[in-house]
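We count ligands from 1, going down the list as the structure has it; atoms in each ligand are counted the same way. Counting begins at 1 with the first residue of the sequence.
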Amino acid sequence: MRSLRTGLSLAALVTGAALLFAAPAAHAADTPLRDLAAAKGKVVGTAVTGSKLTGSYGDIAGAQFGSLTPGNAMKWGTVEPTQGSFNWTEADQIVAFAQAHNQQVRGHTLVWHSQNPSWLTNGTWTSAQLSSLLQNHISTEVGRYKGEIAAWDVVNEPFNEDGTYRPTLWYNGLGANYIAQALTWAHAADPAAKLYINDYNVEGVNAKSTALYDLVKSLKTAGVPIDGVGLQAHLILGQVPAGLQQNIQRFADLGVDVAITELDVRMALPADSAELAQQKADFKSVVAACAAVTRCVNITVWGFTDSDSWVPGTFPGYGAATPYDENYVPKPAYYGIAEALGGTQSTAGCAATYSVTSQWNTGFTGQVTIACTGTALSSWNASWTYGAGQQITQAWNAVCTQSGAAVTCTNASYNGTVPDGGSVTFGFNASWSGSNPVPVVTLG
Ligand code: XIL
C-alpha cells in the first residue's frame with residue numbers, strides 16, 4: 001500500500017513536470033521535422049552547443065532533428081587548445097546525445113583557416129611539419145569517432161569570392177594539394193564516413209561555386225575520396241539565390257551528394273511580422289530546392305533557436321535568423337521548413353475575432369479575441385471601422401480610442417503577450433442605433 005502510494009505521487013509529479021515542459025512543444029501533435037524529412041528521404045539537422053542539450057533546448061533538438069552538427073565542439077581550437085593535450089568533452093557529449101536520440105552526426109570541421117589553436121597559427125613550420133600536423137590531426141579526430149560520424153566537413157571555406165584559393169596556413173604552406181591529402185587521410189581513418197568540402201556564398205551559380213564545382217570534378221577524376229559538397233547558406237532576408245536548385249543539381253550530376261549545412265536567414269533587428277513572413281518564404285524555398293534534388297541529402301540549420309545563433313555576435317544589428325525564437329516558440333520559418341517537407345501544419349499566424357456578447361436598446365457589449373498558432377505576439381493592437389455610428393464608451397483588458405468611426409485598441413500593460421497556441425480577449429461597451437453590423441478587425 002505504501003509503495004503504491006509512493007508510486008502514485010511519483011507519477012503525479014512526473015506528469016506535472018511533463019506538462020511544464022510541454023509549453024515549447026505545443027506542437028507535439030504536429031509531425032516533427034525529422035519525420036517529415038525522413039518521409040522524403042532527407043535528413044533535417046541543426047548545429048548545437050553541447051552544454052545546452054538539456055531542458056527545452058535538448059527536448060527540441062532531440063525531437064525535431066535527425067542530425068546534429070557540433071557548432072564549435074569539433075574544431076581544432078576546441079579539441080587541441082594546447083599541442084598534444086586534447087579536450088573531447090563537448091564533442092563526446094554531442095555524439096552521445098545523438099546516439100541516444102537516433103540521430104546522425106555531421107563532423108565539423110577538420111581543415112579550416114579559422115578557429116585554430118594559437119600554438120598552430122603562431123608556429124613556424126616547414127611544409128613537411130605542416131603536412132604531418134594536419135595528417136595527425138585528421139587521423140586522431142576522425143579515428144576517435146570512427147563509425148560514429150555520418151559525414152565530415154573535411155575542408156571548410158577553401159575559396160575566395162572570385163574563385164581563387166583562399167591564402168590560408170594550409171594553402172600557403174602546402175599548395176592546393178592539401179585538399180586532396182586531407183580527404184585521403186580522412187578516408188583512411190574512417191572509410192564509411194561521407195567526406196565533404198563546405199563553403200559559403202556557393203549557393204547560387206557564381207565564380208566561387210564554379211571554382212568549387214571544377215575542384216570536385218577534378219578530385220573525382222583523380223580518384224580522390226570526395227562524397228559531397230556543403231552549401232552553408234548563411235543567407236540574408238529576401239536573398240535566396242535564384243539558381244539554388246540548378247546549382248545543387250549540377251553538383252549532384254557530378255556524382256556527389258549535396259547538403260545545406262549551415263542554413264540561417266538574418267535580418268535587421270527588430271524583426272517585424274512582414275520580415276518573419278519573408279523569412280518563412282526563404283526557408284521554404286531553400287528546403288524545397290534541396291527536396292527537389294534526389295542527391296541533396298541533408299538540410300541543417302545553424303542553430304535552431306535565436307537564443308543560440310552566431311548571427312547577432314557576428315553581424316551587429318542583425319539576428320532573428322533561426323526557426324525558433326529565443327523562447328523556443330516556433331517562428332513562421334519553422335512552418336516554412338515543415339511545408340517544404342510536405343507538412344500540413346496550420347500556417348502560423350494570429351487572428352482577431354470580434355463578437356457582440358449582449359445587446360440592448362441603446363447599447364451593447366462586445367469582445368475581441370486574438371489567437372495565435374505557430375507564432376506568438378509580445379504586443380498587439382486591433383483596429384476596425386464602425387459602419388453604423390457605433391461609439392465605444394468603455395473598454396477593459398485593452399486601451400481603446402475612437403476617432404470618428406475608427407477604433408484602435410492596444411494591449412494593456414499585462415496582456416501584450418499572446419503565446420503560440422494561446423489567446424487574449426478584451427471587452428468593451430458601446431452605443432448603437434439603427435443597426436449594429438460586425439466590423440472586420442485588423443491586427444497590427
Ligand atoms: C561559427 C559558430 O557558430 C560561432 O559560435 C563561432 O564563434 C564562429 O563560428 N561558417 C562555419 C561555422 O563553417 O563553423 C561558423 O560557426 C559559421 C560560419
Do other residues, nucleotides or ligands put more than 12 heavy atoms under 6.0 Å from the OH atom of Tyr318? no

First locate atom NZ of Lys217, then atom CD1 of Ile226, and finally report the distance between them rounded to the nearest 0.5 Å. 15.5 Å

Do any N or O atoms from the side chain of Thr314 and from the backbone of Val311 form a donor-acceptor pair under 3.5 angstrom?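 No, because the side chain of Thr314 does not come within donor-acceptor range (under 3.5 Å) of the backbone of Val311.
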
Within ligand 1, which atoms have a heavy atom of Glu262 less than 4.0 Å away? 10 (N), 11 (C), 12 (C), 13 (O), 17 (C), 18 (C)

Just jot down the ligand 1 atoms closer than 4.0 angstrom to any heavy atom of His234, in number order.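 Matching atoms, with element in brackets: 10 (N), 17 (C), 18 (C).
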
Ring geometry between Phe426 and Trp380 (parallel below 30°, tilted from 30 to 60°, perpendicular above 60°): parallel

For the residue pair Trp170 and Trp76, does the interplanar ring angle fall in the parallel (under 30°), tilted (30 to 60°) or perpendicular (over 60°) class? parallel

Number the atoms of ligand 1 from 1 as they appear, then name those within less than 4.0 Å of a heavy atom of Asn156, with their elements. 11 (C), 13 (O)

Within-shell test, Trp112 vs ligand 1, heavy atom, strictly < 4.0 Å: yes

Please state which protein non-hydrogen atom is closest to atom 3 (O) of ligand 1 and give its distance, to 0.1 Å?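 Going atom by atom, the protein heavy atom closest to atom 3 (O) of ligand 1 ends up being Trp302 NE1, 2.9 Å.
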
How close does the nearest protein non-hydrogen atom get to atom 6 (C) of ligand 1, and which residue and atom is it? Asn72 OD1, 3.4 Å

Report the nearest protein non-hydrogen atom to atom 8 (C) of ligand 1: residue, atom name, distance rounded to 0.1 Å.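 For atom 8 (C) of ligand 1, the nearest protein heavy atom comes out as Gln115 OE1, 3.4 Å.
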
Let me confirm one number: the CZ-CD1 distance from Phe283 to Ile260, rounded to the nearest 0.5 Å. 11.5 Å

Can you check whether Asp325's main-chain N or O pairs, donor with acceptor, with Thr305's side chain at less than 3.5 Å? yes

Suppose I only count heavy atoms of Lys75 and a 4.0 Å limit; which atoms of ligand 1 are within that range?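 Checking each atom against Lys75, I get 1 (C), 2 (C), 9 (O), 12 (C), 14 (O), 15 (C), 16 (O).
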
Given that the side chain starts at C-beta and the backbone is N, CA, C, O, which of these parts of Asp153 lies under 4.0 Å from ligand 1, counting heavy atoms, or is it both or neither?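 Within the 4.0 Å criterion, Asp153 makes no contact with ligand 1.
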
